[in-house]
Amino acid sequence: MKAKFYLRKGSEKSTIQFEFRNGKNSRFRASTNFVINSDNDWESNKQKMKLPSSTVNAKLINSKLSEFDNLLNDLLYRENDKYIGNDSVREIFSKVFDVNGKPASKFKNECFNVASVEGKLSEDFITYYEWFLVFYSKNNSPYSKKYSLKEL
């Protein structure tokens with residue numbers, strides 16, 4: 001049985017790939033869809049990002065890789081010497097890397113999906129702005145040097 005993370009090098013950037021082998025005929029490969037700007041940011045021996053790194057969210061990438069590694073080790077410990085199929089590894093991979101039960105190698109990671117976050121950010125901003133207007137219409141800021149009608 002062998003499990004590893006490795007880089008798939010592209011022309012400008014590289015992606016982190018995962019490969020699980022259990023015997024000759026059982027193999028599962030998938031992309032985490034994490035993009036690395038420079039191959040110098042990746043430690044092949046430790047199978048994680050070097051810190052500090054020029055890649056954005058390197059700590060998040062390392063934490064996701066560690067989380068998956070821990071869950072895979074727990075599965076191996078629970079199953080002991082039994083055969084571990086690709087389906088159980090695929091399920092853990094989908095759970096950690098947010099692919100929602102879809103084939104892991106076909107979909108992008110939702111971790112960095114700006115579209116899924118934009119709606120939430122705009123709602124949060126509007127809620128905060130409404131609170132701001134109500135609060136500061138009643139309570140003047142000490143920096144504005146304005147006085148409310150109550151104080152005069």
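For the pair Ile126/Glu130, a side-chain contact is recorded, criterion being any heavy-atom separation below 4.5 Å from C-beta on.
Note that CG of Asp74 is 6.5 Å distant from CG of Asn70, once rounded to the nearest 0.5 Å. If you take OG on Ser94 and CG on Asp87, they are separated by 10.0 Å, rounding to the nearest 0.5 Å. Thr15 contributes atom OG1, which lies 11.5 Å from atom NZ of Lys9 (distance to the nearest 0.5 angstrom). For the atom pair Thr32 OG1 and Gln17 CD, the distance stands at 7.0 Å (nearest 0.5 Å).
No donor-acceptor pair closer than 3.5 Å links the side chain of Lys64 to the backbone N or O of Phe97. In this structure, Asn86 contributes its side chain and Arg27 its backbone to a donor-acceptor pair below 3.5 Å. Put simply, the side chain of Asn73 gets close to the backbone of Asp69: a donor and an acceptor are under 3.5 Å apart.
For Arg21, the salt bridge (charged side-chain N to carboxylate O under 4.0 Å, His left out) partners at least two apart in sequence or on another chain are Glu19. With sequence neighbours excluded, no residue forms a ring pair (Phe, Tyr, Trp, His ring centres under 6.0 Å) with Tyr77. Listed by chain and number, the residues in a salt bridge (charged side-chain N to carboxylate O under 4.0 Å, His left out) with Glu67 amount to none (sequence neighbours excluded). With sequence neighbours left out, the side chain to side chain donor-acceptor pair (under 3.5 Å) criterion links Asp39 to Ser14. Here Ser63 pairs with Leu60 under the side chain to side chain contact (heavy atoms under 4.5 Å, CB included) rule; sequence neighbours left out.
Note on Leu76: it clusters hydrophobically with Phe28, by side-chain heavy-atom contacts below 4.5 Å among ILVMFWY residues. Under a hydrophobic-cluster definition in which Ile, Leu, Val, Met, Phe, Trp and Tyr are linked whenever side-chain heavy atoms come within less than 4.5 Å, directly or via other members, Phe34 and Ile92 are assigned to the same cluster.
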Identify every side-chain donor-acceptor pair in residues 44-51 under 3.5 Å, counting partners at least two apart or on other chains, and give the distances.
residue	atom	partner	partner atom	Å
Gln47	OE1	Phe5	N	3.0
Lys50	NZ	Asn40	O	3.2

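Taking the six-membered ring for Trp, Phe93 and Phe20 have ring centres at least 6.0 Å apart. Between Phe68 and Phe18, a ring centre-to-centre spacing shorter than 6.0 Å is recorded.
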side-chain contact (heavy atoms from CB on, under 4.5 Å), that's the test. Do Ile16 and Trp42 meet it? Break it down for me.
CA-CA 9 Å; Ile16 300 175; Trp42 180 253; 3.6 Å; yes

